[in-house]
Amino acid sequence: MPYKVGKKTQTKGWPILKNENGTWKVIAHSNTKTKAEASIRARHAGKHNPAW
């Protein structure tokens with residue numbers, strides 16, 4: 001999967017990373033790890049099912 005949750009930072013929380021051309025880029029931040037994982041699942045599901 002092209003997304004993963006990074007290490008928690010003190011100021012912005014949990015980063016959501018996307019693999020673009022072999023490098024991981026931060027695309028968003030989340031308050032909790034659970035919310036970050038849910039966001040990744042939603043992004044992945046939306047990519048594979050546009051009607052979702």
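As the structure is a prediction and not an experimental result, all values here were calculated from the model.
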> Of the non-hydrogen atoms in Ile27 and Arg43, which two are nearest, and what is the gap between them?
Replying inline: CD1-NH1, 3.7 Å
> Under the side chain to side chain donor-acceptor pair (under 3.5 Å) test, which residues partner Ser30, sequence neighbours left out?
Replying inline: none
For residues 7-18, which side-chain N or O atoms pair as donor and acceptor with protein atoms under 3.5 Å away, sequence neighbours left out?
unit_1: Thr9; atom_1: OG1; unit_2: Lys12; atom_2: N; d: 3.3
unit_1: Thr9; atom_1: OG1; unit_2: Gly13; atom_2: N; d: 3.2
unit_1: Thr9; atom_1: OG1; unit_2: Gly13; atom_2: O; d: 3.1

> About how many Å separate OH of Tyr3 and NZ of Lys47, when rounded to the nearest 0.5 Å?
Replying inline: 6.0 Å
> Lys33: what forms a salt bridge (charged side-chain N to carboxylate O under 4.0 Å, His left out) with it, not counting sequence neighbours?
Replying inline: none
>> Run the side chain to side chain contact (heavy atoms under 4.5 Å, CB included) test against Ala38 and tell me which residues pass, sequence neighbours left out.
In response: Arg41
